[in-house]
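Quick caveat, the model's predicted, so the values are computed rather than measured.
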Amino acid sequence: CLQLGNGASELIDLVIRSCTTVGTWRPGPTMVQYEEYKRSAEASGFVRTSADDDSANLMCLVNPTNPTGDYMRVEALKSYIQKRC
């Protein structure tokens with residue numbers, strides 16, 4: 001699935017609202033403005049869980065992070081996805 005949008009805020013909102021399996025969602029491993037997306041997730045029936053909860057139905061991973069611009073290098077990102085998703 002490919003989704004295009006006008007930045008991370010819109011894309012995270014679209015991904016959350018388009019999920020067909022409702023349950024729990026977790027933020028990614030970096031500190032970004034995930035609280036901004038809490039309303040969208042709750043409106044779609046999701047409950048936020050901790051970032052280390054591997055049982056979550058959905059994970060929001062933003063790279064590079066907003067607003068800091070910090071990022072995970074490609075190999076670190078691949079490793080994280082393989083281990084945690």
Side-chain angles (χ1 to χ4, degrees):
C1 174
L2 176 64
Q3 288 190 331
L4 304 176
N6 293 317
S9 295
E10 181 182 15
L11 288 169
I12 289 175
D13 180 61
L14 287 171
V15 167
I16 290 171
R17 290 189 292 132
S18 66
C19 282
T20 57
T21 303
V22 176
T24 55
W25 75 280
R26 65 183 171 127
T30 56
M31 295 304 299
V32 296
Q33 55 196 45
Y34 287 112
E35 287 299 317
E36 181 179 328
Y37 316 117
K38 182 179 177 183
R39 186 178 339 169
S40 175
E42 289 177 348
S44 297
F46 284 90
V47 176
R48 180 179 170 169
T49 187
S50 66
D52 61 353
D53 182 358
D54 292 337
S55 69
N57 299 85
L58 172 67
M59 182 185 69
C60 294
L61 178 61
V62 177
N63 194 46
T65 62
N66 183 23
T68 65
D70 294 337
Y71 65 95
M72 293 175 75
R73 296 192 180 274
V74 172
E75 291 306 316
L77 184 60
K78 286 180 184 178
S79 176
Y80 181 84
I81 291 169
Q82 288 173 342
K83 292 176 184 174
R84 305 296 307 267
C85 298

Sidechain-backbone polar pair: N57 side chain, T21 backbone, donor-acceptor under 3.5 Å: no
Derivation of the side chain to side chain contact (heavy atoms under 4.5 Å, CB included) call for Y80 and Q82: CA-CA 6 Å; Y80 181 84; Q82 288 173 342; over 6 Å; no
Distance-minimising heavy-atom pair for F46 and L58: CE2-CB, 4.1 Å
Residues D52 and R26 bridged, charged N to O under 4.0 Å: no
Atom of P64, atom of G69 and distance for their closest heavy-atom approach: CB-O, 3.8 Å
Under 3.5 Å: donor-acceptor pair, side chain of S18, backbone of L14: yes
Heavy-atom pair of closest approach, residues A51 and R84: O-NH2, 3.8 Å
Minimum heavy-atom distance between V22 and G45, given as atom pair plus value: CG1-O, 3.1 Å
Same apolar cluster: M72 and I81, side chain cutoff 4.5 Å: yes
